[in-house]
Each structure stands twice: as C-alpha cells, then as structure tokens.
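Worksheet: the structure to be examined is printed underneath.
Numbers for residues simply follow the sequence, beginning at 1. Atoms within each ligand, like the ligands themselves, are counted from 1 in listed order.
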Amino acid sequence: MVTIPVIDLSAFTNGNATTRQGVVKQIYQACHEIGFMYLQNSEISKDLIEQVFIYSKSFFNLPLEVKQKQAWSDEFNNTGYVAVERERLDPNKPGDLKEAFNVSKQGAVGVDACVVAFYDSCTQLANTVLQTFALALELPEDFFTTRHSQHNHTLRFLHYPPLQTPPKPAQVRAGEHSDYGSITLLFQDRIGGLEVQTTTGEWIGAAAIPDTVIVNTGDLMQRWTNNVFCSTKHRVMIPKDDRVNQSRYSIAFFCHPNDDVEIACLESCQKENSSIYPPILAGEYLLQRLQATY
Ligand SMILES: O=C(O)CCC(=O)C(=O)O
Ligand SMILES: [Fe+2]
C-alpha cells in the first residue's frame, strides 16, 4: 500500500552532497507516487506556528459581521474572508463546512506581526522545497525559485466549526479537490479528517504528525512536469466521533509562480517528446481555476 512518506529536510539543508541527493531522491519518489509528504526539520519555528494558530482562532472568533467587512470579493485579489458553505471545493457537493481567511504578501502587513513572519518563513521553506524539486527534475537548482520570485503566494487560515446541526447529504468539511498552484504547505491541528486519494482510488488518512509540515504538489506542477509529479485529490471529512463537536483549524500556504511564467512541459519530463498539456501562463491558469470555484 502507498503511504505518505516522512522526509527529514535537514539532510538537505545541512547535509553533504550524498545526503542532499538522498533527500532529492525521496522527494522525487513522493511527488511521483503520491504527491504528498511530511517534512521534518522544516526550520519554521514551533513558537511561530503556535502564534499563528492563536491568531487564527482569535480571527474566526470575531462576530460574523466583523469578518464580513473583509469579505473575499474577487479572484483577482483572492484575499479576505470566505464564510461557511460559501465555497465548494467539489462542485458536485453542498458547500464546504468551513470558513477561511486568505492573506497575500501585501495583505499580511496589515494583519499581525506574526502573520508577516509566518508568511516569510513559509516562503523560505517553499523555496527550499522548490530547490529539491528542480534537482529532482535535473534542472538548475534555482529553476523554480527564480520563477516564484514575486512571492505570489496565498496564506489561508481555515476553520472547520463544530457541527450544530446534521450535515446535508454528502456534505463534508472540505470537498475532494486538488490544489491549483505549484506546491502547498499545510499545517493542521490534531483533530484529523484530512484524507488523500492514492492512484488506486483508495482514500488514506493524513493525520497530523507532530513537528512536521505537509507538502503537496498542485495542478500547475503536475502540468509543468507532464504528470511526472502528481497533484493528488484530498478532502477533509467530518469526524465520526465526538470530535464533530470540536473546531478544526488548519493553515495552508499555496505557492504560485510569477504570473508571467509560461508553464510548458519541462524537457526532462517529455516522454517520447509528447507534451500532454498546451503551454499556459501561470497567472492565467490560476485565474481560470479560481473563477470556477466561486
Ligand atoms: O484543512 C486541510 O487540512 C486541507 C485544506 C485544503 O486542502 C485546501 O484548503 O486546499
Ligand atoms: Fe487542498
């Protein structure tokens, strides 16, 4: 059975040529086989992660009218508050039982100092991961980081409230979907419910592992790599026990290349010279996907 691997990133960041190559290989395999991994020793401070979760709880505790003053308004901005059931990650299902708050790099400054620091730490970790991706795909180490230099990333706070009433048929906390961008970093509390679909169609749990960060590849990376790296479907289910009465919090950091980067099949990913997807600009692609979600 395929499992989500746990990879020690310090063997890359502080290692020698051999251990670095070992990490690159493990990451290649994770992206190729399942599109998800847990990273240990990410160098994001534990205290900072705790602080942003506290920030998130205090934000979602605000009265709805206050949160709605910062409502998400359009896909061009893609920032602000999204109320419970407003979004359907799976368009065939009722609205998701979650609320969200999206922050961009510029927006983080107006929020809270810990959010700015966290945004920067996530950017740094994403850059390290993107370096391993480049090496795994036989590209110069800075191939992806130079194409993510504008830090077009979205930091998203998520709250899955306790269920007061029974869910609608087929309603879940987050419907099955794959992420749109290049990579996603994901931080979650201990409540659970995240599931990942393997290539055989089976759903496996992705429980929180203390002191790790989940990294998954998004659709744009799948496109760029001609399906060599997979963008895997995932979802958040409603707990079947009394955790249904508890809030679940998670934080996602969605990474996007610069808008003007052309996403065309990478040379090392051309199987018998055939590219599965036509080239598209990263900015255009993201806009299309966001327009389809709201
Ligand atoms: O809350 C989670 O654990 C996952 C959220 C997610 O997949 C997303 O927002 O794209
Ligand atoms: Fe996701």
- Check S250 against ligand 1 and report side chain, backbone, both or neither, counting heavy atoms closer than 4.0 Å. side chain

- Item | Test side-chain contact (heavy atoms from CB on, under 4.5 Å) applied to F157 and F53, F59, F60, the passing residue | F60

- Task: For Q68, look at atom CD and say whether over 12 heavy atoms of other residues, nucleotides or ligands are found less than 6.0 Å away.
- Result: yes

- Kindly give the heavy-atom pair with the smallest separation between L48 and C114, and that separation in Å. CD1-O, 3.7 Å

- Just which atoms of ligand 1 are under 4.0 Å from any heavy atom in H234? 7 (O)

- Query: Centroid-to-centroid, Y28 to F229, below 6.0 Å?
  - Reply: yes

- When the aromatic ring centroids of F187 and F118 are compared, is their separation below 6.0 Å? yes

- Would you mind listing which atoms of ligand 1 come within a distance below 4.0 Å of any non-hydrogen atom of Y160? 1 (O), 2 (C), 4 (C), 5 (C)

- Task: Quick one: look at T184 and ligand 1, take heavy-atom pairs under 4.0 Å, and tell me if it's side chain, backbone, both or neither.
- Result: neither

- Query: Between R248, H159, R173, which one has a non-hydrogen atom sitting closest to atom 2 (C) of ligand 1?
  - Reply: R248

- Item | Non-hydrogen atoms of H32 and V228 that approach each other most closely | ND1-O, 2.7 Å

- Message: What I want to find out is whether E87 reaches R156 closely enough, with some N-O distance under 4.0 Å, to be called a salt bridge.
- Response: yes

- Which atoms from ligand 1 have a heavy atom of V236 less than 4.0 Å away? 1 (O), 2 (C), 3 (O), 4 (C)

- Would you mind checking which non-hydrogen protein atom is closest to atom 8 (C) of ligand 1, with the distance to 0.1 Å? H177 NE2, 3.6 Å

- Which atoms from ligand 1 have a heavy atom of L158 less than 4.0 Å away? 1 (O), 5 (C), 9 (O)

- Item | Under 4.0 Å to a heavy atom of F254 - the qualifying atoms of ligand 1, by number | 8 (C), 9 (O), 10 (O)

- Task: Using only N, O or S atoms, tell me which atom of D179 is closest to the Fe ion (ligand 2).
- Result: OD1

